[in-house]
Amino acid sequence: MANTTAVIPVLECKNVNISYYTRAGEIPAVVDFNLTVMPGESIGIVGESGCGKSTVALAIMNYMGKNGRVKSGQILFNGRDLQAMSEDELRSIRGSQISMVYQEPMASLNPSMKIGEQLMEVPLYHEDVTQAEAKQRSLDMLAAVKLPDPQRIMDAYPHQISGGQQQRVVIAMALLSKPALLLLDEPTTALDVTVEAGIVQLIKEISSQFGTSMIYISHNLGLILETCDRITVMYSGEAVETGSVQAVFNEMRHPYTRGLFASIPLPGTNKNSRPLVPIRGQLPLPQNRPQGCYFGPRCDFFQAGCCDQEAGISMRPVLHEVRHEVRCERFEAIDWQSYHPEGLSGEQAEIGQVVLEVKHMKKYYELSDSSLMAFIKGKKVQYVKANEDINLLAREAETVAIVGESGCGKTTFAKVLMGLEEATEGQVILNGLELGHTPVQQRKAQTVALLQMVFQNPFDTLNPSHTVGSQIARVIKKFDVESDPEKVNQRVLELLDLVKLPRDFALRRPRQLSGGQKQRIGIARAFAGNPAVVVADEPVSALDVSVQAAVTGLLTDIQRNLKTTLLFISHDLSVVRYVSDRIVVMYLGRIMEQGTTDEIFNPPYHPYTEALLSAVPIADTSVKKRHIVLEGELPSPVNPPSGCPFQTRCPRKIGAICETQLPSLQQTATGHAILCHIPMTELNLVEQVIQMDAA
Amino acid sequence: MTTQVKLETNEIPQRESGFKRFFKALILMRESPIGMVGLVLILFWVVMAVIAPLLPLYDPNAIMLPFQKIGAAAPDGGTFWLGTDHKGRDILSRIIWGAQKVLVWATFATLVAYIVGMLMGVVAGYLGGWADEAVSFIANVFLSFPFIILCIIIVATLGASGWTIVVAVTFASAPQIMRIVRGLVLDLKTRDYIFAAQTRGESPWYIMLVELLPNARGPLIVDACLRLGYTVVAIATLGFLGLGLPPPDPDWGLMIKEAVPLGAFAGHSMYLPAAALASLILGFNLLADGLREVSLRD
């Protein structure tokens, strides 16, 4: 072996087929999968849910569980077949030569063990080292993953540190055994964007610093672009395109990859003139995959006789390109220049009168502290300041986005609007009617109907016990839109038409629907009472990108036609840029900046907005972005920092004034408002965060 | 590819009748052998109870020859298949008619306990606050009595009859059911569809009864099955203590009690009703296990 000059790949998957065996028979999860990871290389595997990307990772780790099995093919690690190894050999390889980082950091850490002990276990178990040595190596590794004060972290229990810190600890643990291969399965999906930005920065440095090969599994193309050298795109259990990140991002060849990129709200897309183009149809179930190309039925270039051949479609190399392969029979024949699929475009609806006005709204939650200390100090009640001095306007047919990370108070704000909570102070005025202090049960049916909501989690939004139709019908009856059963039924069917679902869905139960379909029903339900304002709380964040595009398109299209005001609550600035007319940025219960979408995405920025913009991964190689990684942790809303709420993490802090005084609001004539001590003229000089067309 | 089975999810569904759904559930039970054993045991007793009036049985209260052995000839030319007891009543007939009594009252008592327990649980879980404190306090008071002692006290106070058994079982079981339902509701009430109902101004009762309770049914069906078993135990124990269904109606517990002093020379009059009792309780327990197993599998 030593005399061969060729480098052996760290990992090689050769014609791997993986199946699950269930009550319903065999389910082929991964079909004919090939992957080569060279030393020091980072490979991204991208695909939508159910495409088999996590199954690949589990098969590499040999964690398939009772009902899953690698049916054929080889997985070679450093040239040795993992399938042929004994359980003992596998155990010594897992955790020492192959490590894995999962999505949920808390699930990977033992809650009853100190972090130090858990870290030291790794070298103690896999190598013959002393306690002192193990401890030193753990401390060094914590420092290497940029955790502040490693000694304190060593003595902490997992619940005592934040989610971002937990994920860093998990990565440190994975790296401690100096693995040859690191598997990352959606490592940042559970984290806030600004925290994610820090972790992504770290992952990028790993391969250069430690020479570790990586497989990065994600649904987010932007993250793959930032972290990986090569990419494999998966669809319905197959790799459909693989190549260097540059090649695939700039000259994608497979129609599915093309479709995936067309459904991401990249800079430059716009809901009115340049809408996203969702991929039509639905991902087939593994049991119902079509013959030939699995993407065939959803592809605009499908040709009978060629794409549906019985032998199946195999990966073919792209001529004159290195290691760029595509699973498409016709990729050379497709003329992308003359292909312009159309999305749901439309005229910007005319923005009308003010519909909703929020004035100096405050929402405090009482937190009774029964500790002895609180009793002695006489401070038995503390307040969680969920919303502080919220002011905003929303006009007819306008989309106002409320952006912020978890804990910024955006959900509380929605609850006050909906009447599930009462405002502590201030006013919420809807069509001239003060509602801030009227809980929903005391509001009139017509008023309740005016203000409806679309929820985040498609799996939670519909009651699993009732049919879809009866759930929509209930809203129609409740709001007195119709009362005659015949007409109610008619209206239910019309609403199904509105959200572009077949009429027979009325009889279905929610479990028979896909995530995107459920979310469409959620939208139909929100619009059933002819609302003036619809609050959409992260309506697409739980959906796959291609479904996201379809649901966002649908929502904006309905809104455009019905002239509804849409309050779009989200943490995802890409989607927000795409859908909204105006944006409100919140941090720790306060509005830090608000203005039109252009004003928010261009200087002057609030320093927080600036950091937030830089944290958004963008799947476009022509976009240049400044990287700003925020230091420190999100403060608790029980004890917000003195002065400016953002002062503890602000990279542009100017001095003592930030710590002592709440900034006054600086406002321009157009309504662009920034809550910062730095004068707007100075903020105006800041460089653009996101720059298009660097070339 | 090898055998590939179509999943149901892609079919266009029709609304299924309750009977059809029940039948489907039975087919699923086939995958749990334990559950099937339980189901067979229960079905056996249910069928016996239903067709009891049609069977060529002696009157369960008719006094004939005492202490007849199994298979002894009856004076009218028939056979005492399981012999007779100390008073000369046909044991087979008494067991079958006893099955009817115990099944009817156990089901009825469990049903009432469930209605009360579910209402308590959903109110405590959904409304929270003082309603939760009050309901939970009452439940805790009753839970501090051992189950069977509470039943005995209530029946002894009100006098033995089917209805007092229902009251006793309700008082003793409802707090336990309340706890289960409360726990389920605490989880379910955080779902978005509950917020959706709240944001359209539904009344708390609508939310509790229409939106919450139907979604708690899964774990409750398993529990109901187990609880039917407990109720049979309770009824038999009360009968054994002389606090069951009033004599001379056949009651398994009472049959065992009356046979105990004579166990030495007429063992079958004690063992047979005991076996009947055990098989029914076992049936409920096994069915509950099977249901749990099937519901956890995918």
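Chain identifiers are assigned alphabetically (A, B, ...) following the order of the sequence lines, protein sequences preceding nucleic acid strands; residue numbering begins at 1 within each chain. Bear in mind that the values here come from a model prediction, so they are computed numbers and not experimental data. Note: hydrogens, waters and symmetry copies are ignored here, and every other heavy atom, side chains too, is used.
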Using the ring of each side chain (for Trp, its six-membered ring), is Phe455(A) parallel, tilted or perpendicular to Phe195(B), with breaks at 30° and 60°?
parallel
Among the listed options Ser465(A), Pro439(A), Pro502(A), Ala526(A), the residue most often paired with chain B at heavy-atom distances under 4.5 Å
Ser465(A)
Is it the case that Ser541(A) and Gln456(A) place a side-chain donor and acceptor less than 3.5 Å from each other?
yes
Do Arg508(A)'s NZ or CZ and the ring of Phe505(A) fall within the cation-pi criteria of under 6.0 Å and 45°?
yes
Leu496(A) side chain reached by Ile521(A) side chain, heavy atoms, under 4.5 Å:
yes
Could you check whether any side-chain N or O of Arg289(A) sits under 3.5 Å from a backbone N or O of Ser236(A), counting only pairs where one atom can act as donor and the other as acceptor?
yes
Considering only heavy atoms, give the residues of residues 198-215 of chain B separated from chain A by less than 4.5 Å, sorted numerically, with 'none' for an empty result.
Gln198(B), Thr199(B), Arg200(B), Gly201(B), Glu202(B), Pro204(B), Tyr206(B), Val210(B), Glu211(B), Pro214(B), Asn215(B)
Select one option (side chain, backbone, both, neither) describing which atoms of Leu462(A) are under 4.5 Å from chain B's heavy atoms.
backbone
Which residue out of Gln441(A), His466(A), Gln471(A) racks up the most heavy-atom pairs below 4.5 Å with chain B?
His466(A)
Let me know if Arg443(A) has heavy atoms under 4.5 Å from chain B in its side chain, its backbone, both or neither.
neither
Which bit of Phe479(A) is near chain B, if near means a heavy-atom gap under 4.5 Å: side chain, backbone, both or neither?
side chain
So, for Val181(B) and Val122(B), which heavy atoms are closest and what is the spacing to 0.1 Å?
CG1-N, 3.7 Å
Heavy atoms only, distances under 4.5 angstrom: which of Asn457(A), Val475(A), Leu420(A), Val448(A) has the most pairs with chain B? Name it, please.
Leu420(A)
Tell me if a side-chain donor or acceptor on Tyr114(B) pairs with a main-chain N or O of Leu220(B) at a distance below 3.5 Å.
yes
Could you tell me how the ring of Phe142(B) sits relative to the ring of Phe145(B): parallel (under 30°), tilted (30 to 60°) or perpendicular (over 60°)?
tilted
Using a cut-off of 6.0 Å, state whether more than 12 heavy atoms not belonging to Arg298(A) lie near its atom CZ.
yes
